[in-house]
Amino acid sequence: MSFYNPNIQQTFDEDSRDLVILKDVTFGVFEIVYSISIDHEIKQLTDIQQKEMFKFVKLKNNYQHYNLQLVDNSFPESLSDIALDAFFGNVNSFQDYILNKKPFQSIFEEYEILYLSDKIQDFIELLVYSDISSKHKSKGERNFSRVFKQKTIIDEPQYYTLFDRLKLYDYLKQKMKLEIDMNKSAINGNEVTLCLKIFV
């Protein structure tokens, strides 16, 4: 249960080592490599109009690729699909991505999306509590001593502790921004690298 208490607030604010203020925080930057099927030369990314032209290859950083597999063996490819939807302007958040998968065409498809939604939640947990976005090998160890602080509409801070983490995940699923950094994305022959930034 989230709470506001001036005395507890002071304690959290004084011990800033484990306090994360949910404003202007980048949780991860991932450079994702695709091959593209083209029959003519593409000079700039904005010339690419169809998502189907992209085929996921890998994360540019091998350790990040490995780290994403801590979520699920196929999660690097799932994140690559999310990045493509962000590139084409279809989504701004994880919640957008999940909602864009509806309506379901079959029970099997519904199961796949529910499974993916669970994996996205696992990914968010690792983003906020571990070093999964590091360019070094992660053990996936979670630091649940972190406390997250959010300003509310009435300008009172909302705190998310270990016991509020499900509410935190729901909040971040909606509020985490997915953005392609065009300055760090590039075309190299038949390969494209998209730089996905995840932040609040």
Side-chain angles (χ1 to χ4, degrees), residues 1-2 20-34 36 45-46 48-57 59 64-65 67-130 132-133 142 148-154 158 160 163-182 184-185 192-200:
M1 177 176 172
S2 299
V20 180
I21 299 173
L22 293 172
K23 183 178 181 182
D24 301 324
V25 179
T26 298
F27 286 102
V29 176
F30 300 89
E31 291 179 284
I32 305 172
V33 180
Y34 307 82
I36 50 173
L45 287 171
T46 51
I48 305 174
Q49 302 296 326
Q50 295 179 341
K51 183 177 176 180
E52 291 72 25
M53 295 174 67
F54 289 81
K55 182 178 180 181
F56 172 66
V57 176
L59 270 290
Q64 282 191 324
H65 192 108
N67 293 347
L68 289 177
Q69 289 180 321
L70 295 173
V71 180
D72 184 271
N73 283 339
S74 64
F75 197 75
E77 188 167 1
S78 297
L79 190 65
S80 77
D81 191 63
I82 292 169
L84 284 178
D85 273 357
F87 172 70
F88 284 106
N90 298 327
V91 302
N92 294 309
S93 68
F94 290 116
Q95 186 71 8
D96 287 346
Y97 181 76
I98 293 166
L99 292 176
N100 275 3
K101 296 296 182 182
K102 298 178 180 179
F104 307 122
Q105 301 300 316
S106 67
I107 294 296
F108 178 74
E109 186 175 309
E110 181 175 2
Y111 170 78
E112 281 190 322
I113 301 307
L114 290 173
Y115 180 78
L116 177 60
S117 181
D118 285 343
K119 292 298 131 185
I120 286 174
Q121 179 168 299
D122 293 343
F123 177 53
I124 291 173
E125 177 177 299
L126 286 163
L127 276 178
V128 299
Y129 288 117
S130 83
I132 191 177
S133 64
R142 295 156 173 81
F148 295 86
K149 178 181 178 181
Q150 170 215 349
K151 284 291 186 71
T152 64
I153 296 175
I154 56 176
Q158 175 114 4
Y160 299 94
F163 306 103
D164 313 307
R165 62 188 184 280
L166 292 180
K167 288 185 177 180
L168 174 65
Y169 305 154
D170 283 341
Y171 172 77
L172 292 177
K173 197 179 289 185
Q174 299 175 52
K175 298 299 183 181
M176 268 183 172
K177 299 299 181 186
L178 307 174
E179 182 179 282
I180 300 299
D181 186 340
M182 298 298 285
K184 295 182 179 178
S185 300
V192 168
T193 300
L194 296 182
C195 182
L196 175 67
K197 179 181 178 182
I198 303 173
F199 65 100
V200 290

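What you see below is based on every heavy atom in this structure, not just the backbone, and it leaves out hydrogens, waters and symmetry mates. Computed from a predicted model, the values in this text were never measured in an experiment.
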4.5 Å side-chain heavy-atom contact, Val192 and Ser185: no
Counting only pairs under 3.5 Å, give me each side-chain donor-acceptor contact of residues 83-90, with atom names and distances, residues two or more places apart or in other chains.
unit_1	atom_1	unit_2	atom_2	d
Asp85	OD1	Lys51	NZ	2.9
Asp85	OD1	Asn90	ND2	3.4

Mind checking whether Leu196 and Leu178 have side chains closer than 4.5 Å, heavy atoms only? yes
Asp122 side chain reached by Asp72 side chain, heavy atoms, under 4.5 Å: no
Can you say whether the rings of Phe123 and Phe75 are parallel (under 30°), tilted (30 to 60°) or perpendicular (over 60°)? tilted
Value rounded to 0.5 Å, distance of CG in Leu59 from OG1 in Thr193: 10.5 Å
Given Leu45 and Ile180, is the side chain to side chain contact (heavy atoms under 4.5 Å, CB included) satisfied, shown in steps? CA-CA 11 Å; Leu45 287 171; Ile180 300 299; 6.0 Å; no
Between the main-chain N or O of Leu114 and the side-chain N or O of Ser117, is there a donor-acceptor pair closer than 3.5 Å? no
Ignoring hydrogens and angles, tell me if any N or O in the side chain of Tyr34 forms a donor-acceptor pair with the backbone of Ser80 under 3.5 Å. yes
Side-chain contact test, heavy atoms from C-beta onward, threshold under 4.5 Å: evaluate it for Leu168 versus Ile124 and give yes or no. no
Would you say that more than 12 heavy atoms from the other residues, nucleotides or ligands in this model lie under 6.0 Å from the CD of Gln121, or not? yes
Ring pair (Phe, Tyr, Trp, His ring centres under 6.0 Å) with Phe27: which residues, sequence neighbours excluded? none
Quick one, Ile120 with Ile82, criterion side chain to side chain contact (heavy atoms under 4.5 Å, CB included). Give me CA distance, side-chain angles, the key distance, then yes/no. CA-CA 10 Å; Ile120 286 174; Ile82 292 169; 4.2 Å; yes
Less than 4.5 Å apart, side chain to side chain, heavy atoms only: is that true for Asp96 and Ser93? yes
Can you tell me how far the NZ atom of Lys101 sits from the CD atom of Glu112, to the nearest 0.5 Å? 9.5 Å
Name each donor-acceptor pair under 3.5 Å that joins a side chain in residues 169-177 to protein atoms two or more places apart or in another chain, with its distance.
unit_1	atom_1	unit_2	atom_2	d
Tyr169	OH	Glu125	OE1	2.8
Gln174	NE2	Asp170	O	3.4

How about Phe148 and Asp164: do any of their side-chain heavy atoms sit closer than 4.5 Å? no
For the residue pair Val29 and Cys195, establish whether any side-chain heavy-atom pair is separated by less than 4.5 Å. yes
